[in-house]
Asker: 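Handing you this structure, nothing more for now.
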Amino acid sequence: MFDRNNRPEPFKNKVWLSSPTMHGEELEYVKEAYETNWMSTVGKNINEVERIICENIGCKYAVALSAGTAALHLAMKLAGLNLYGQPATGHGSLEGRKVFASDMTFDATVNPIVYEGGIPVFIDTERDTWNMDPVALEKAFEIYPEVRLVVMAHLYGTPGKIDELKAVCDKHGAIIIEDAAESLGATYNGIQTGTFGKYNCISFNGNKIITGSAGGMLLTDSEEAANKVRKWSTQARENAAWYQHEELGYNYRMSNVIAGVVRGQLPHLQEHIDQKRAIYERYKEGLKDLPVKMNPYDEKKSVPNFWLSCIIIDEDAMCKQVRGERDVCYVKEAGKTCPTEILEAIASINAEGRPIWKPMHMQPIYRMNPFITRNGNGRAMTNAYIEGSAVDVGMDIFERGLCLPSDNKMTTEEQTKIIEIIHRCFC
Ligand SMILES: *Cc1c(COP(=O)(O)O)cnc(C)c1O
C-alpha cells in the first residue's frame, strides 16, 4: 500500500513540534508599554496578566516571573522554609533533604530542588496518564518516611492522577508543588491544573500552549507566600530609604514588555487548546489501524490541553533500537519500526518530532539519585518484565514513545502527510 522509498515532497515551511502562534494583540500591549515608558518590571501588563490568570485559573494570587523555572525555584524555597524553617547556612532551605519528584518530565521540574540543596528522589510513571505513579509514591514514603515535599508535573498537558497523589501526600503530611508548565488550561474534575498544590507554577516559554516569548508564574492561595515571592524576585529589598537586605534576593520578576505578549495571548488560550485537541483527534483517527496508541488520559476525570500529541508503539511492533548516551541505532524489520525511524521519517519531510522526555533517573546528572518504582528501589532492578509489564515504566515509554509535530499552525494537509509517512515506517 505504502512504498517506503517513495517519500512525499518535504514541506516548504517547516512544521514545528510546537512554536509560538501570535495574533496581533500582543504587539498592541507591547507598544502600550513602550509608549507609556513602562519598560521595566512594573506596569499595567504585569498587573493585568496576574489578575486574568487568577480569574481564569481560580487561584487567589499569581506572581509574574521571568520563567517557569524561576517560579519553581521560589516554590522550592517557600516549601523549604515552610517545612524546615530558616536554613542555618543561609544557603538552600532544602539543604540535604530528599524531595520526591516526577521522573518523566523536563529537567526544569527537578533542577530547582538542587538549587535549594535538596536531593531529588524520582518516582516512576504510570501508564494511564504518563505521570507520577501514586503506587510508586506510596512506596517511596515507605522507604523515605521523612520526606514532606512532592513536586509533580503534568506531562504534555495531561493531568496526572491528582486525587490519588493528593491522598498519598495527605496521608504522609507532605506538601505538593504542582508543575503545570505544560498543562495551562487543562482541568481535572473540572478544576484547573495549577491549583492543586500549595505552590504551583506555569510557564510562558516559547513552545508552551501560550507564550510571552519567555516568562512564568507562581500561583498560590497564600498571601504570605505571594508576598515573599514578590519580594525575593525583586532582589529582596526591605522597606527602607536605601537598599536594605535581610534575605537572599533574586532578579526573577517578569518584564512589563513580556507581560504585554502574555496579555495579548491570554484571550487565545482556549482557541489554542481547541486546535491542539483537533490535532490529537486527527492523529488518533489517522493512526488507528497501526500498532500504536496515543498518549492516554482519563476521559472521565480530565480534560488535557493537548499541548503535544504523542504515540507509543506496541511492544511486538518494535524493531531493535539501541540508544547510547548521545547516539542511537536501530535494525529495520519488516512490519516493525521504532521511534528513531519514525522521527527520521518525519524529519525527512521537514517536520519536527521529538523523543519522549528522557526520564530523570536515566540522565547522567541524576544517575546517583534514588529512583522508586511500584516495586520499590528501581535502581536495584533491571528493566525485567514482570507479569507482562515493564518494571521501569518511564524507561519503557521513553523506548517506545515519541512526540509528533503538534504545532497549532499545521494544516490538515500537512498532518495527513505526516500520518502517511508514519504508516510507511510500518511497512
Ligand atoms: C517548560 C517547562 C518548565 C520550565 O519553564 P520555563 O518557563 O521554560 O522556565 C518547567 N517544567 C516543565 C514540565 C516544562 O515543560
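Throughout, numbering of the chain's residues begins at 1 and tracks the sequence. Ligands are counted one by one from 1 in listed order, and the atoms in each one are counted from 1 as well.
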Asker: For atom 5 (O) of ligand 1, what's the nearest protein heavy-atom neighbour? Residue, atom name and distance, please.
Answerer: Ser203 OG, 3.2 Å
Asker: How far is atom 9 (O) of ligand 1 from its nearest protein heavy atom, and which residue and atom name does that atom have?
Answerer: Thr69 OG1, 2.5 Å
Asker: List ligand 1 atoms under 4.0 Å from Ala108, heavy atoms only on the residue side.
Answerer: 3 (C), 4 (C), 10 (C)
Asker: Hey, are Glu25 and Arg263 close enough for a salt bridge, meaning a charged N less than 4.0 Å from a carboxylate O?
Answerer: no
Asker: Please state which protein non-hydrogen atom is closest to atom 11 (N) of ligand 1 and give its distance, to 0.1 Å?
Answerer: Asp179 OD2, 2.6 Å
Asker: Could you check atom 15 (O) of ligand 1 against the protein and tell me its nearest heavy-atom contact, residue, atom and distance included?
Answerer: Glu182 OE2, 2.5 Å
Asker: Decide, yes or no, whether a salt bridge links Glu281 with Lys276 under the criterion of side-chain N to carboxylate O below 4.0 Å.
Answerer: no
Asker: Could you check whether any side-chain heavy atom of Ile311 comes within less than 4.5 Å of a side-chain heavy atom of Met294, counting everything from C-beta outward?
Answerer: yes
Asker: Can we call the ring centroids of Phe100 and Phe141 under 6.0 Å apart?
Answerer: yes
Asker: Suppose I only count heavy atoms of Thr109 and a 4.0 Å limit; which atoms of ligand 1 are within that range?
Answerer: 11 (N), 13 (C)
Asker: Does any donor atom in the side chain of Asp392 or His361 lie under 3.5 Å from an acceptor atom in the other side chain?
Answerer: yes
Asker: Considering only heavy atoms, does Ala181 approach ligand 1 within less than 4.0 Å through its side chain, its backbone, both, or neither?
Answerer: side chain
Asker: Consider only side-chain N and O atoms of Asn82 and Tyr199, and report whether a donor and an acceptor are under 3.5 Å apart.
Answerer: yes
Asker: Of the non-hydrogen atoms in Ile279 and Pro405, which two are nearest, and what is the gap between them?
Answerer: CG2-O, 4.4 Å
Asker: Is ligand 1 less than 4.0 angstrom away from at least one heavy atom of Asn207?
Answerer: no
Asker: Please work out, at 4.0 Å between heavy atoms, whether the side chain, the backbone, both, or neither of Leu72 comes within that distance of ligand 1.
Answerer: side chain
Asker: Please verify whether a non-hydrogen atom of Gly215 lies at under 4.0 Å from ligand 1.
Answerer: yes
Asker: Find all atoms of ligand 1 within a distance of less than 4.0 Å from any non-hydrogen atom belonging to Thr105, and give their numbers and elements.
Answerer: 13 (C)
Asker: Quick check: does Asn205 get an N/O under 3.5 Å from an N/O on ligand 1?
Answerer: yes
Asker: Taking 4.0 angstrom as the limit, do Glu48 and Arg51 come out as a salt bridge?
Answerer: yes
Asker: Which of the numbered atoms in ligand 1 are under 4.0 angstrom from any heavy atom belonging to Gly68?
Answerer: 5 (O), 6 (P), 7 (O), 9 (O)
Asker: Could you check whether Phe306 and Tyr297 have their ring centres less than 6.0 Å apart?
Answerer: yes
Asker: To which of Met104, Lys208, Met217 does the heavy atom nearest atom 2 (C) of ligand 1 belong?
Answerer: Lys208
